[in-house]
Amino acid sequence: MIWQFDLLLLTFVVICAIAAITVKDLLSAAMIMGAYSFFMCLLWAEMGSVDVAFTEATVGAGVSTIFFVAAAYRTSRRSKD
Amino acid sequence: MEFIVAKYNYWIVIVLLMIGLYAMIAKNNLIKKLIGMCIFQTAVILFYVSTAAKSGGATIPIIEHGHGHEAAAHAAHEAAHHAAHAVHAIDYVNPLPHVLMLTAIVVAVSTTGVALALIMSIYKRYGTVEEDEILEQIK
Amino acid sequence: MKILGLLVAVLTGCMLLYCAGDFPDWADPNSPASLHVSPHYIEKTMEETAVPNMVTAVLADYRGFDTMFETGVIFTAGVTVIILLRRFRRKDEADVQGDSDSRKGPPDDIIIQTICRFMAPFMQLFALYVLCFGHHSPGGGFQGGVIFGASFILLGVAYDLKTILRRIGARVSALLANTGLLVYSGIGALCILLGANFLDYSILSLILPATGDIMARSHGILGVEIGVFLGVSASMISIYLDLSSHGQLDEGL
Amino acid sequence: MSSAQFPILLVAVPLLSAFILNIAGWFNKKYCLPVVIVALVGSVYASFGTLFTVLEQGTIRYRLGAWLPPMGIEYVVDHLNGLVLCIVSSVGLITAIYSKRSVEQELPERIPQFYTLYILLVTGLLGITVTGDAFNLYVLLEIAALTAYALLAVGEDRAVLSSFHYVIMGTIGACFYLLGVGFLYIKTGSLNMIDLHGLLPGLFGSNVIVVGFAMIMIGVWVKMAFFPLHGWLPNAYTYAPSATSCLVAPLMTKVSVYVMIRIMFSVFSPEFTFEVLACRHIIVWLAVAAIIAGSLLALAQTDFKKMLTYVVVAEVGYMAGGVWLANTAAITGAILHILNDALMTLCLFMTVGIIVYKTRGHQFENLKGLYRTMPFTMTAFTVGVLSMMGVPPTCGFFSKWYLILGAIRAEHWVFMGALLFSSLVNAVLFFRIIEIGYFEPFTDHHAHGDDHQPEPIDEGPLSMVVPLWIVAAALVIVGMYTSGIVTKVIQFAVPEAIV
């Protein structure tokens, strides 16, 4: 429960969230979403909830990033906004 | 100032909720709307997990000296043995929100999977994933 | 549309800020949330279910009904992706080519393929470890199932979809998902047949050899976790199979 | 299998049969529907058994996994959700029998997956109705929503886009509900509804509870398609396959109204929702807006099915307005309207299904001259129309009667005016349909594009017309027995604290 580490991770999470929304290329948006999920997983592990962190690491960072990449391949990579 | 520092986790949850909600409604690209939905759902999960945290040296919700199956086989003796060093609620993190959030994470992934399948069918039907181009084709 | 989104987001934000001041301080040990129900879980789990990992105990036993429906949610996602994308009739028009220029994808890189081929079995072994040690260490049915599914998806990404289809076809993954769910709800129904309430594992001690009521709960949790493991891993694979090949199950990413 | 296990058999039998059905479906498509029908017959039997047990012994509390309530999850069945259980399971059964031909025509290769999702949707709705735990309600809302997204998306060409909008709105609603439950959890520490009911009165002052209530209400209103948040409903239900709209239109909004009533009265208390929060009148004004907007937009449609979806939005305004008028007559009317409106909407959407099955379209010109070619279907449709307008022998009249009585007693003349106005508009709407059906000459307009020779339009298949007639008869029978239903069941469902 080191609050400096906690605060640092929280700022990273917010930066990744804003970046994932504003970036134009969908593939990099998927990668930033993976980073966002990974920072969330670190945050929860640091808060003591190891099971949720484990699930978020495997499900959030792992599988849903692959789903986004598969969708970006099957549709178009560029997004207008 | 103390008022802010004591609850900084909840301010970040509110900021993430606003980002997610804005992206879901205002973004034009359907996959961007979906990314906003993921952020919105993870923000709710972060809210629940931060209700579970306990300061003051609370460890993860796994009892350390529960030494495996062979000790717990003879349950009667076990109860007496356990009375020696009973478990105190104060030095373990609250496990209930963790259970709820395991469910919420899996629900979030399932909704993402279904929404992506819908986006791919929309792309096959309309040839684009941009909201305005689709609405033109419908009119 | 942008102003509406901004307006709704700021409005909800203010509503939440208005009440956020009234939250108990973050992480204070005597906030109401950690004084009402959770002390029972922390103190009684070891006596009542002989499972050191409280989260797995609460997940599969105290609130096991939630987890059954949650596995139902991931199963529904699998069936939904099949019903939406799967191409049943061959005479459908050719697949719409995504316009991304990397359509052909990177050339098959020998390094990636060999590394993935080495890692896949160890990932599957680790997944089984996570499943079986869900009682003592963080992990359990969900995490193990996703890692097991991810090992096949890794092969699918490194090579192509054929490698997954050779190992787990579309029909096998659908049937596996069903058996996983049937294992879970079957254990619940078994408890009714033996005369207790739904999902009450202590009644299983009648049929499990040489186990008291408490150990029956621990074995019940393990059985349920295996059901979740099968259901989640098969659903993940079947979702990936359909998402990456748009239902044609020919060449993936 | 003693009757004590009925509350769980309601949900466990369809759930188990969903997986058995999916396995059987992979081998042979024909096994799917019999399993669905057997499971739903068991579910209907269990739900009526539960209702009769509740009538004799009062509220039943079934502990899952034999844990004491705040620790484990429990099922609570009282008069209100006993009634809603019977509606959900019987509508599910009738629509299952009805859907055989129309699914074979519209979704020939996807039958196993369709029926798996169909029975999971009915399981989700039954689970929502019977559960006594706030978080379990969220998980079941999610199952019902996810299956509804899929079932709505396999319809006509625009179905996929409207289903995607439904996904976005539905997820916003579900996450608002989850956040609201989180607010209650952070202040009380418990998730069990009865436990919350005990803990909350001490905390009514704190604004976390007030905002938590508002968040839960917004989430439920999105699911209910209550007026300002109804954007997703018309397109989603119009372009859906006809078997899906026969199941989803009568049930999804009514079960969400039940969830709103359950949260207002069983989690929070009536005096909190009506006195502490002074927003009662605003919400009744929203209901008035829902009724007027729904009726006027229905008038403006040229698509028969889309017109009916706007009528559903108006009916939601009836029920929400009735509940928030906060007197016994109005709440009795609202609960009775859940029953009546489910039957009326089912009857109308079944007629649309038969018309689509025969003429492959649901525009107005498909209706020309149908009274001569499809006499049985259209007479049952006329019974549904009479009930929608509120003509005495049918059940629609009685719930409108209670609602208007409640509006008078609450001196809310505008709500009463809206009720009368919408009955008038319903009359105009449906007489327009009957006029097209009777007097316009029958033109063989359809099937110019079909490759096979356009078969003559005659009466709908028996397996679709007989369920329609059962529902039309039920409209009249429920109308006759209204006094019995109200005195025996609904009287106890209304909380005593209301004047």
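Keep in mind the model is a prediction, meaning the values are calculated, not measured. Heavy-atom basis, side chains included; hydrogens, waters and symmetry copies ignored. So that the names make sense, note that chain A is the first sequence line, chain B the second, and so on, each numbered from 1.
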**Q.** Sorted by number, residues from residues 12-20 of chain A in contact with chain B (heavy atoms, under 4.5 Å)
**A.**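 Residues A:V13, A:V14, A:A17, A:I18, A:A20 are the ones that qualify, each having a heavy atom under 4.5 Å from chain B.
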Q) Considering heavy atoms only, which positions within residues 130-139 of chain B lie below 4.5 Å of chain A? A)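 B:E130, B:D132, B:E133 fall under the 4.5 Å cut-off.
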(Q) Under a 4.5 Å cutoff for heavy-atom pairs, which residue among A:T11, A:T55, A:I32, A:D51 has the most contacts with chain B? (A) A:T55
Is it the side chain or the backbone of [X] that comes within 4.5 Å of chain A heavy atoms, both, or neither?
X	answer
B:T128	neither
B:L16	side chain
B:A52	neither

Of the backbone (N, CA, C, O) and the side chain (C-beta and beyond), which part of [X] lies under 4.5 Å from a heavy atom of chain B, both, or neither?
X	result
A:Y36	side chain
A:F54	neither
A:L26	side chain

Most chain A-contacting option - heavy-atom pairs closer than 4.5 Å, from [options]:
options	result
B:V99, B:V109, B:V106	B:V109
B:L46, B:I19, B:I119, B:V15	B:L46
B:V129, B:N9, B:T59, B:T112	B:N9

